[in-house]
Number of protein chains: 2
Amino acid sequence: MSDAPADDQLVVELTDLVFLAAGRLRQGFNAIAAELGLTPAQALALVNLRGPAPMRDLADILSCDASNVTGIVDGLEKRGLVTRRPDPADRRVKHLVLTTEGSRRRDQLTTEANARAEALFAALGPDRTHLRDLLAVVAARQDPQP
Amino acid sequence: MSDAPADDQLVVELTDLVFLAAGRLRQGFNAIAAELGLTPAQALALVNLRGPAPMRDLADILSCDASNVTGIVDGLEKRGLVTRRPDPADRRVKHLVLTTEGSRRRDQLTTEANARAEALFAALGPDRTHLRDLLAVVAARQDPQP
DNA sequence: TGTAGATACTTGAGCAACTCAACTATTGAG
DNA sequence: CTCAATAGTTGAGTTGCTCAAGTATCTACA
């Protein structure tokens, strides 16, 4: 059995550091979103819109209620970044399609967010692959506790 | 110069993994908070209350507006977990003091949250120290971009 | 075919968590 | 003594979310 208090301390440190890194990344993302006139949720939806896809799919990706997506997409549509296109094969479904401007804004968002992330991880140098591998092990765990 | 597209891909992976790990940790924390009848913000405030401290300090720790703390502490006080004690030396200040029940609930929260975090990081084995060291490098960076 | 149950989306009510501006009470510095 | 700064509160407003209910449509099966 290993040293329990030291173990505890390590887990606390890990938790704090993960939250800190995520916080920096999110803060950067939100700042760019704001520059582009988007709320964080709208920006998050936008970067997850590649091809045309039903609204339901977006709700699944964002793992939130469908009614939430309605509001977020309303905002994107009002800004002319996205349109709802009815699916002829299933008239319940509306596909979300990026407009030209929406596509442009989405690319800008991902590019700039990536640049910020790049800057954040730059200090690691080649160890970045190592960090990824370690985090991948954590990610591979099934959701613990019901 | 290194391979730009591959670099980009790595940064995207790192970003996703950090968000995923943070998401799991937060989800676990919020679940425990809910079990204890606390909202996430209340739980976060509670774990950051050690000794008696001015409300201002808590606002700084949580890096949020002072008026936000007022509401959160109202909730904790209504649940009997915390009391406001006026500072005799500076009558503008109110110190937040944990009640016995508040202390108990706080310990429970930290203990259980730690157990969940422990479970999340368990798959790493001894590599946990390595992960911490890498994340510490990231954390050491000054906030990039103004 | 007809109908019962599932599914996609919307609407409305409501809550949590936040910010900002304005206010009161108090303190500290000149 | 006065004036700017600070601690805390209040109220208005926003965002992001959930849940319940409703409409329209689809699917399966008896």
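Chain A is the first sequence line, chain B the second, and so forth, proteins listed ahead of strands; every chain is numbered from 1. The basis for the numbers below is simple: all heavy atoms, side chains too, and nothing from hydrogens, waters or symmetry mates.
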## Note on the structure
Expected list for residues 70-86 of chain B near DNA chain D, using heavy atoms below 4.0 Å, is B:Thr70, B:Arg84
#### Entry: Test item: B:Thr83 and B:Thr99 side chains (from C-beta on) under 4.5 Å apart, heavy atoms
yes
### Salt-bridge criterion met for B:Glu101 and B:Arg106 (N-O under 4.0 Å)
no
### Message
Check A:Arg79 with A:Asp74, please: is the shortest side-chain N to carboxylate O separation under 4.0 Å?
### Response
no
### Task
Please state whether the phosphate of C:dC15, meaning OP1 or OP2, lies under 4.0 angstrom from any side-chain nitrogen or oxygen of B:Thr39.
no
### Task
Evaluate whether atom CZ of B:Arg85 has more than 12 neighbouring non-hydrogen atoms of other residues, nucleotides or ligands under 6.0 angstrom away.
no
### Message
Which residues pass the ring-ring contact (aromatic ring centres under 6.0 Å, His included) test with A:His130, not counting sequence neighbours?
### Response
B:His130
### Task
Using atom CD of B:Gln42 as one end and atom P of C:dC15 as the other, report the distance to the nearest whole Å.
14 Å
### Query
Can you name the residues that form a side chain to side chain contact (heavy atoms under 4.5 Å, CB included) with B:Asp16, not counting sequence neighbours?
B:Val12
### Message
Under 4.0 Å between a side-chain nitrogen and a carboxylate oxygen: does that hold for A:Asp7 and B:Arg128?
### Response
yes
## Note on the structure
Assert: residue with more 5' nearest nucleotide on DNA chain C, out of A:Val93 and A:Asn68, is A:Val93
### Task
Please work out which residues in residues 43-67 of chain A have a non-hydrogen atom less than 4.0 Å from an atom of DNA chain D and list them by number.
A:Cys64, A:Asp65, A:Ser67
### Min side-chain heavy-atom separation A:Asp127-A:Phe121 under 4.5 Å
no
Throw together a table of side-chain donor-acceptor distances under 3.5 angstrom for residues 46-61 of chain B, partners on residues two or more places apart or in other chains.
{"residue": "B:Asn48", "atom": "ND2", "partner": "B:Leu44", "partner atom": "O", "Å": "2.8"}
{"residue": "B:Arg50", "atom": "NH1", "partner": "B:Val47", "partner atom": "O", "Å": "3.1"}
{"residue": "B:Arg56", "atom": "NH1", "partner": "B:Asp60", "partner atom": "OD1", "Å": "2.9"}

### Closest non-hydrogen atom pair, B:Gly75 against B:Gln42
CA-NE2, 3.6 Å
### Message
Generate the contact string for nucleotides 24-30 of chain C. Rules: B means base contact, S means sugar-phosphate contact only, - means no protein heavy atom under 4.0 Å.
### Response
-BBS---
